[in-house]
Amino acid sequence: MPNPHEFEAADPFKVAFALIPRFNMMALTAAMEPLRIANYLAPQSLYGWHFVSERGGRVQASNGLDIATEPVSSHRKPFDLVVACGSWGAEHYQSRELSRWFRLQRRAGARIASMDLGVYLLAEAGLLAGHAVTTHWSCLAGFAERFPDLDTREQLFTQDETVMTISGGTAGIDLMLHLVAEQHGRQLASEVADQMLHHPIRDAALPQRHTLGGLTSETHPQVRAAIRLMEANLAEPLSMPELARSIGTS
C-alpha cells in the first residue's frame, strides 16, 4: 500500500521569522505550530526555522515574553521563506539594514511574507508593489492611506508565488496549512489541522471578522456593504448620498 504522504524534498523548507520589538507572540506561534506538527507527523523533518532580528539578541513581544534571535547579517544565504513579524508600533519602526536584508533575500529567491503589522516592514522595503496585501482589520484603513498605491484587502491572508501576508491572530494557521497542502498534499495538512483541533481550514479571502459593527450574517447585504465603506473611509467619512450611490440604493 503506498505511503499516503509524498515527501520529495530531502532538505527541510527553511523559514526565517524576522522579529521587531513588540511583535505579536500569538501570531508567531500560530504560524509556527503547523510546521512543527508537520515535522512530527512526517517520516522526516520537512521544515526548519530561525529567529532573526536587526542586530540579534533577545527581542520582546507585546505580551512581555522574549525570544533569542540571530542578527540578519549572519544569514547571507537565502531562506525559502522570510516572514516579517511585527505588531503595535511597526508602522513607526525604521531599519535600513532589515529592509536591505529583505530585498537581498527576495532577489536571492526567497518568498516573502508578513504577519500582523509586519506588512509595514515589507512596504517600506518596496516589496509589495503588484501584490494583494492585508493586515489586521483595525489598522487596515491607516495602512491603505499610507500606501494608497498598494492593493490592500480585508481578508484573512493573501498568497501568491512570491508574497504572502497574514492579517494576524490565528490566520497564520490557515496560511501555513495551505502551504503544507501545497508542498506535501491535502491529507497531511488535514492531519495537522486535526492535531490542532482547527476546523475548517479557512480560505484566504474570508473576512477577518465574523460580524461587522456588531451585525450578524443575516444583516441585509447592502447594510453590510455600507458598513464596509464607512470603515474604509474613517479619515474622510462619506456622506449618506455618497454611500447610497456607492452601494446602488436610494
inquiry  = Evaluate Glu191 against Gln187 for side chain to side chain donor-acceptor pair (under 3.5 Å), listing each step before the verdict.
reply    = CA-CA 6 Å; Glu191 291 178 10; Gln187 181 170 340; 3.2 Å; yes
ask   = What distance separates Leu35 CG from Leu179 CG, expressed to the nearest 0.5 Å?
value = 7.0 Å
request  = I would like to know whether Thr134 and Gln208 meet side chain to side chain donor-acceptor pair (under 3.5 Å); could you show each step before the answer?
outcome  = CA-CA 10 Å; Thr134 193; Gln208 295 178 30; 3.3 Å; yes
Check residues 108-120 and write down every donor-acceptor pair under 3.5 Å in which the side-chain atom is one partner and the other belongs to a residue at least two apart or another chain.
| from | atom 1 | to | atom 2 | distance (Å) |
| --- | --- | --- | --- | --- |
| Arg111 | NE | Glu161 | O | 3.2 |
| Arg111 | NH1 | Glu182 | OE2 | 3.1 |
| Arg111 | NH2 | Asp160 | O | 3.0 |
| Asp116 | OD2 | Asn24 | ND2 | 3.4 |
| Tyr120 | OH | Phe143 | N | 3.4 |

inquiry  = I'd like to know if the side chain of Thr29 reaches the main chain of Met26, judged simply by a donor and an acceptor atom lying under 3.5 Å from each other, with no hydrogens or angles considered.
reply    = no
query = Does any N or O in the side chain of Glu242 come within less than 3.5 Å of the main-chain N or O of Ser239, such that one atom is a donor and the other an acceptor?
reply = yes
Residue that, paired with Tyr93, satisfies side chain to side chain donor-acceptor pair (under 3.5 Å) out of Glu124, Arg22, Glu54 = Glu54
query = Taking 4.0 angstrom as the limit, do Glu33 and Arg36 come out as a salt bridge?
reply = yes
ask   = Hey, does the side chain of Gln105 reach the backbone of Phe79 with a donor-acceptor pair shorter than 3.5 angstrom?
value = yes
query = Got a sec: does the CZ of Arg146 have more than 12 other heavy atoms crowding it under 6.0 Å?
reply = yes
remark   = Between the CG atom in Leu104 and the NZ atom in Lys77, the distance rounded to the nearest 0.5 Å is 15.5 Å
inquiry  = So, taking the atom named OG1 in Thr69 and the one named CZ in Arg58, what distance separates them when rounded to the nearest 0.5 Å?
reply    = 9.0 Å
inquiry  = If you compare all heavy atoms of Thr162 against all heavy atoms of His131, which two are closest, and at what distance to 0.1 Å?
reply    = OG1-CE1, 3.1 Å
request  = Would you indicate whether the side-chain heavy atoms of His184 and Leu46 approach each other to under 4.5 Å?
outcome  = yes
request  = Tell me, yes or no, whether the heavy-atom count around Trp88 atom CH2, taken from other residues, nucleotides or ligands under 6.0 Å, exceeds 12.
outcome  = no
ask   = Measuring from Trp101:CH2 to Ser73:OG, what's the distance to the nearest 0.5 Å?
value = 10.5 Å
query = Trp137 side chain to Ser167 main-chain N or O, any donor-acceptor pair under 3.5 Å?
reply = no
query = Out of curiosity, does Tyr40 fall in the hydrophobic cluster containing Val180 (side-chain heavy atoms, cut-off under 4.5 Å, transitive links)?
reply = yes
request  = For the pair Gln159 and His178, evaluate side chain to side chain donor-acceptor pair (under 3.5 Å) and give the outcome as yes or no after the intermediate values.
outcome  = CA-CA 9 Å; Gln159 180 182 19; His178 280 275; 5.1 Å; no
query = So does Glu97 have more than 12 non-hydrogen atoms from other groups sitting under 6.0 Å from CD?
reply = yes
key: Pairwise distance NZ(Lys14) to NE2(His50) - rounded to 0.5 angstrom   = 9.0 Å
